[in-house]
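In what follows, every chain begins at residue 1, and chains take the letters A, B, ... in the order their sequences are listed.
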Protein chains: 2
Amino acid sequence: MADVAAKAGVSRALVSIIFRGQPGASEETRQRVLRVADEIGYHPDSAARLLARGRSRTLGVMFTVHQTFHADLISGIYPEAERLGYDVLLSAATYDRSEAKAAEALLSHRCEALILLGPEAEAGYLDELGRRAATVSVGRRVPRARVDFVHSAEGKGVHQAMEHLVELGHRRIVHIDGGRSPGSAERRRAYRAAMRRHGLEAEVRVIPGQHTEESGIESGRLFLAERDQGQALPTAVLAGNDRCAWGLLMALTRAGVDVPRDVSVVGYDDSHLSHLMPIGLTTVRQDATLMAEHAVRFAVERLENPELEAREAVLDPKLVVRGTSGKAPETTA
Amino acid sequence: MADVAAKAGVSRALVSIIFRGQPGASEETRQRVLRVADEIGYHPDSAARLLARGRSRTLGVMFTVHQTFHADLISGIYPEAERLGYDVLLSAATYDRSEAKAAEALLSHRCEALILLGPEAEAGYLDELGRRAATVSVGRRVPRARVDFVHSAEGKGVHQAMEHLVELGHRRIVHIDGGRSPGSAERRRAYRAAMRRHGLEAEVRVIPGQHTEESGIESGRLFLAERDQGQALPTAVLAGNDRCAWGLLMALTRAGVDVPRDVSVVGYDDSHLSHLMPIGLTTVRQDATLMAEHAVRFAVERLENPELEAREAVLDPKLVVRGTSGKAPETTA
DNA sequence: TACACAGACTAGAGCGCGCTAGTAGAGCGC
DNA sequence: GCGCTCTACTAGCGCGCTCTAGTCTGTGTA
């Protein structure tokens, strides 16, 4: 920067002003400085910039690798952050890299705010994060914590899905849940409520699962094993999310079970692949772009006003009927 | 930091020493300082740290959202970077965020080295990046540029796949390529060579495609449309990568074409999902973990010795035969 | 006793910027 | 000529840390 200033015959301060795009420099000087900078190959160093102004204007996003829906969210976060003048840094949680590690990395790189995509860490830790930085959780409610929350109305989504299945004549509807994954508890609850509402308490069955393909496959195998022992297959399965639904679909198809003739399958997310499946996945759409925009806005607003109470954005999900749900087979149960 | 020092009754310098884990502080003081820091909630600020020591010890990784194989690579990058004492920052290219933007973000955050996963930007720009920072390209060769290169031997992989198909009796083997995507050119070349070697020049057919599910679906539709006009389906398809193979699979299955009875499909990558497909995708495995480790090591070695010539690591891929490839149908062509 | 030496610790410069408080000079009205 | 305002620009402190070059003590050695 000093070099640029020297070569352009101005002070460092003016170079700074120009690179920040602030008023206070003549158009002529501006052009000259920019040209010189380009020649020298000068790029402002954001570590120093960061240090100098108190603020980093950087949002940290924690996501989980392989979660398709997170990819959808990330695509939505960038443009909104840019619109509001913020930088974005990503940090991934993986099989052997904990969410805490991912979050700490972001924090130590001076992210002012954290956007956590489907965090599964314990509530206490998330609350701690909320105190250390403006924090937004997408998909996971963190009760009584200083953390904003963006999600879709899981209950409504499940409600729509269940109405759809019941209307198609299904009664033996099983739910594969998402374990401790964000949103799972609420989906589970809504499933139970719907079953009860339709007088199907006796049929309620929740299979412990996860939001992964593997989990769907495992559940599929379980159903098939049961069938081989004379038990009837469920006529419909409400999966914890799209990935799980996909795994289930794979397992069933592979075993010659026809979806939706024999079994209907409904997912959750409408992640970017679900319309690509063999017959198009019936699923509950969460609008990733909208959720991302809300998350970014929450983070920024909280930065501008740290006193804000923890807020919540609930977006309405929408059932998307595609090919994996159909009329219930003649039931013998 | 000053607070911690004051409260613990030592100098800032000593606190620094302790937080860097350097020798030069008694065990007793060390414990005391760490305890005080914990009470105050002090975390070292890496922007300042970064600025102070010339080096950031941070690797920047650029990837493309939704590329499953990139997720596999990222999972492998973290542990290796940590082992070598480096931090990792991610930046994603998306539909409307260019690779250049993603890379600049990393650079301006002081990443010392860039690891580009499957970059598609023009060679000139990559070369420029190579001059600005230690740069490693994974999957894409950048001739005559100051960029290290990690990839698998595309030729060998395709070779194996083609031998496999030919042995199964296939002759009408079509290749959906990956356009400008990394590795595509080489795969395309190897496909042509293999066809020629087996006297199948006349059957050579390369369909312009991309490394996306959509591309596979499109190609599938094309084949089906041709069939409806009386043309024969290919008996085998070598897709550009797994995602493309998957899309193709979906399109064919949806139309009632039986894989592998009617058409065999072979992918490329062995990305984390390919064994989960309905019948398990026959594909060419690239070892993501190994590739990631090489990439990190290249980056670090180049940082330690900037004079190093651009290097290349070629890993041997391996055909993984699963369920999507089978004997060629009785040919009428 | 004198001296070297290692271990524990500190003072203070400086990393590359942003920002506040300023100056210099031009233009204007009286 | 004066004071005023406005634009274009600058001096220099400080952000939170690292690192070099020390100081000071206590211990071993000639």
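Atom CD1 of A/Ile40 and atom P of C/dG16 are 14 Å apart (whole Å). Rounded to a whole Å, the CG atom of A/Leu50 is 15 Å from the C1' atom of C/dC19. Rounded to whole Å, the distance from CG on A/Asp3 to P on C/dG16 is 10 Å. To the nearest angstrom, P of C/dC9 lies 11 Å from CD of B/Glu27. The CG atom of A/Leu51 sits 5 Å away from the C1' atom of D/dG16 (whole-angstrom rounding). The CZ atom of B/Arg53 sits 7 Å away from the P atom of D/dC19 (whole-angstrom rounding). Distance A/His109 NE2 to D/dC17 P: 14 Å, rounded to the nearest Å.
If you check residues 11-23 of chain B against DNA chain D, the residues with a heavy atom closer than 4.0 Å are B/Arg12, B/Ala13, B/Ser16, B/Arg20, listed by number.
The phosphate of D/dC9 (OP1 or OP2) has a side-chain N or O of A/Thr29 nearer than 4.0 angstrom.
Among the heavy atoms of the strands lying under 4.0 Å from A/Met1 are primed sugar atoms or P, OP1, OP2 only; no base atom is included. Note on A/Arg110: only backbone sugar-phosphate atoms sit closer than 4.0 angstrom, heavy atoms only; bases stay farther off.
Within a 6.0 Å radius of CD in A/Glu28, no more than 12 heavy atoms belonging to other residues, nucleotides or ligands are found. B/Glu82 CD: 12 or fewer foreign heavy atoms inside a 6.0 Å radius. Environment of CZ in A/Arg180: sparse, with no more than 12 heavy atoms of neighbouring residues, nucleotides or ligands closer than 6.0 Å.
Each of A/Tyr42 and B/Gly24 lies near DNA chain C, and the nucleotide nearest B/Gly24 is the one positioned closer to the 5' end.
In DNA chain C, runs of at least 3 stacked Watson-Crick or G-U pairs (N1-N3 plus N6-O4 or O6-N4, or N1-O2 plus O6-N3, all under 3.5 Å) give these stems: C:1-30 with D:1-30.
Using bins of under 30°, 30° to 60° and over 60° for the plane-to-plane angle, the ring pair B/Phe63/A/Phe63 lands in the parallel bin.
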Which atom pairs, donor and acceptor, lie under 3.5 Å between side-chain atoms of residues 7-15 of chain A and protein residues at least two apart or in another chain?
{"residue": "A/Lys7", "atom": "NZ", "partner": "A/Glu39", "partner atom": "OE1", "Å": "3.4"}
{"residue": "A/Ser11", "atom": "OG", "partner": "A/Leu14", "partner atom": "N", "Å": "3.3"}

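Out of C/dC17, C/dC9, D/dC17, the shortest distance to the side chain of B/Ser26 is found at C/dC9. If you check C/dG16, D/dG16, D/dC9 against the side chain of A/Ala25, the one that comes closest is D/dC9.
Look at A/Glu301 and A/Arg311 and you find a salt bridge, because one of the NZ, NE, NH1 or NH2 atoms lies within 4.0 Å of a carboxylate O, short of that distance. A salt bridge links A/Arg297 with A/Glu80; the closest basic N to acidic carboxylate O contact falls under 4.0 Å.
Using modelled atom types, one finds no donor on one side chain facing an acceptor on the other under 3.5 Å when comparing B/Ser181 with B/Ser184.
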* Begin from the C-alpha positions of B/His294 and B/Asp148 and carry the test side chain to side chain donor-acceptor pair (under 3.5 Å) through to its verdict. => CA-CA 10 Å; B/His294 269 88; B/Asp148 291 327; over 6 Å; no

